[in-house]
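What you see is a predicted model; the values in this text were computed from it and never measured. Numbers for residues simply follow the sequence, beginning at 1.
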Amino acid sequence: MPKFRLTTLAVTALSVAVLGAVPGTASGAAACGALFDDFHYASHTDGLLGQRGWQVRSGGGGPGVAGARWAPEGITFPTSGGDKVLQLASATDGTPAGTTQTEIMQPDRRFFEGTYAARIRFSDAPASGPDGDRINQTFFTISPLRYDNDPIYSELDFSEYLPNGGWGEAGPVNFQTSWHTYTPDPWYAENKSDAQRRSIGGWHSVAATVSGGHVRYYIDGALVADHDRGGPFDVYPRQAMSLNFNQWFIDLTRHAGGTSTYLEQVDWVYYAKNEVLTPQAAAERAASYRSSGVRFTDGTRGC
């Protein structure tokens, strides 16, 4: 959905035979609640994606540029650093009809409290074409907005990276935002938001913990935001959400000509349901899965 920082605040699961090798898991029962994916897929049409709960978005609709298309073919799985990664490629020629955006999600809403982590490569410049577009590279959870100012709307933006600015920001900025609710038209939003006004181009660890009324956000293991129930808005999530990565254009006003293609890559994603871990411990669990040859596991359903 569109997010303008003009708000009243500053603005088929596989069994794992090697669970004993995963830090903090002594048995299968202890491992219940973990989702891990190393993104070893052939293409966006790979049947394993759907079997494992992933959905690649197509068609139109927000957020982003009205008239743009969500392009399944923009989701690919190239090799980077010797290992396959999820890649989101979004492009524009400066017109809505010539703009493609990308999104992949776990739409089954079962993500709530616990620990989230991903290793993400953000891009400061396009892979091809002129630079300058206001692009948003993301990792987030979200629930549907049933109606304006829905009181149980829930959304946690672990990272929204704007390498060329936007929403009143001139330069590179990375937002962490926890939502209470919003109205799309006329725009009104209630949230808490923090930001790092610097480049985070390249590979970074993005993590968050959701527990005890606090949403704590981390970049490369460092705490960058702590949003609690205090203040005028209770931004702690009130319902389960979907898990998403997307890359979309805020507007086309800065396009400089030709076609520009921007890339966001994800090495792996991990979610520990109802368990609070340090970012380092979450990364160690992901590394243990990988070193044991586990490409995917999901124990988050029915537990």
**Request:** In plain terms, say whether D108 and R301 are close enough for a salt bridge, that is, a side-chain N and a carboxylate O under 4.0 Å apart.
**Result:** yes

**Nearest-0.5 Å distance, OH of residue Y270 to OH of residue Y116** = 12.5 Å

**Asked** Would you call R110 and D298 a salt bridge, using N to O less than 4.0 angstrom?
**Response** yes

**Message:** Testing the 3.5 Å rule here: is there a donor-acceptor pair between the side chains of R109 and Q239?
**Reply:** yes

**Item:** Pairwise distance CG(N244) to CD(Q55) - rounded to 0.5 angstrom
**Value:** 9.5 Å

**Prompt:** Under 3.5 Å, is there a donor-acceptor pair linking the side chains of D157 and W179?
**Reply:** yes

**Intermediate values then yes/no, side chain to side chain donor-acceptor pair (under 3.5 Å), D220 and S205** = CA-CA 5 Å; D220 296 328; S205 167; 5.1 Å; no

**Item:** Heavy-atom pair with the smallest gap, counting every atom of F112 and V210
**Value:** O-CB, 3.9 Å

**Asked** Is the shortest distance from a Lys or Arg side-chain nitrogen in R134 or E169 to a carboxylate oxygen in the other one below 4.0 Å?
**Response** no

**Request:** Using distance alone, with no hydrogens and no angle criterion, decide if E160 and N136 have a side-chain donor and acceptor under 3.5 Å apart.
**Result:** yes

**Request:** For D150 and T181, test the side chains for any donor-to-acceptor distance below 3.5 angstrom and give the result as yes or no.
**Result:** no

**Prompt:** Can you list the steps and then say if S193 with N191 is a side chain to side chain donor-acceptor pair (under 3.5 Å)?
**Reply:** CA-CA 6 Å; S193 187; N191 60 39; 5.4 Å; no

**Message:** Walk me through whether M105 and R57 qualify under side-chain contact (heavy atoms from CB on, under 4.5 Å).
**Reply:** CA-CA 8 Å; M105 69 193 84; R57 188 172 178 181; 4.0 Å; yes

**Message:** Distance alone, cut at 3.5 Å: any donor-acceptor contact between the side chains of N164 and D133?
**Reply:** no

**Request:** State whether a side-chain donor-acceptor pair under 3.5 Å links S199 with D124.
**Result:** yes

**Asked** Does the ring center of H227 lie less than 6.0 Å from the ring center of Y217?
**Response** yes

**Message:** According to salt bridge (charged side-chain N to carboxylate O under 4.0 Å, His left out), who are the partners of D38, at least two apart in sequence or on a separate chain?
**Reply:** R290, R295

**Asked** Which is it for F77 and L49 under the side-chain contact (heavy atoms from CB on, under 4.5 Å) test, yes or no, and what are the steps along the way?
**Response** CA-CA 12 Å; F77 301 91; L49 281 169; 4.1 Å; yes

**Complete:** So CG of L145 and CG of D148: to nearest 0.5 Å the spacing works out to 6.5 Å

**Message:** Using the ring centroid of each side chain, check whether W54 and Y41 are separated by less than 6.0 Å.
**Reply:** no

**Prompt:** Looking at Y147, W187, Y188, which one forms a ring-ring contact (aromatic ring centres under 6.0 Å, His included) with Y182?
**Reply:** W187

**Distance in Å, Q87 CD paired with F39 CZ, rounded so as to fall on 0.5 Å steps** = 13.0 Å

**Message:** Other members of the hydrophobic cluster containing L223, with the 4.5 Å side-chain heavy-atom rule, please.
**Reply:** Y218

**Asked** Just checking, any donor-acceptor pair under 3.5 angstrom between side chains of T209 and S211?
**Response** no

**Distance flag, aromatic centroids of F36 and F296, threshold under 6.0 Å** = no

**Prompt:** Less than 6.0 Å separating the ring centroids of F140 and F158?
**Reply:** no

**Asked** Can you tell which of R198, R197, Q196 makes a side chain to side chain donor-acceptor pair (under 3.5 Å) with N174?
**Response** Q196

**Request:** Report the C-alpha separation of D83 and V85 in whole Å, then their side-chain angles, then the decisive distance to 0.1 Å, and conclude whether the side-chain contact (heavy atoms from CB on, under 4.5 Å) test is met.
**Result:** CA-CA 6 Å; D83 192 46; V85 299; 5.6 Å; no

**Asked** So, the side chain of H180 versus the backbone of V235: is there a donor-acceptor pair under 3.5 Å, distance only?
**Response** no

**Request:** Indicate whether the side chain of D226 and that of H214 have a donor and an acceptor atom separated by less than 3.5 Å.
**Result:** yes

**Between Y236 and E113, a side-chain donor and acceptor under 3.5 Å** = yes

**Item:** side-chain contact (heavy atoms from CB on, under 4.5 Å) evaluation trace for Y271 with Q106
**Value:** CA-CA 12 Å; Y271 168 60; Q106 286 274 340; over 6 Å; no

**Asked** When you check the side-chain N and O atoms of N149 and T183, is any donor under 3.5 Å from an acceptor?
**Response** yes

**Message:** Is it the case that the side chains of E264 and Q247 hold a donor-acceptor pair, with the cut-off being a distance below 3.5 Å and no angle test?
**Reply:** no

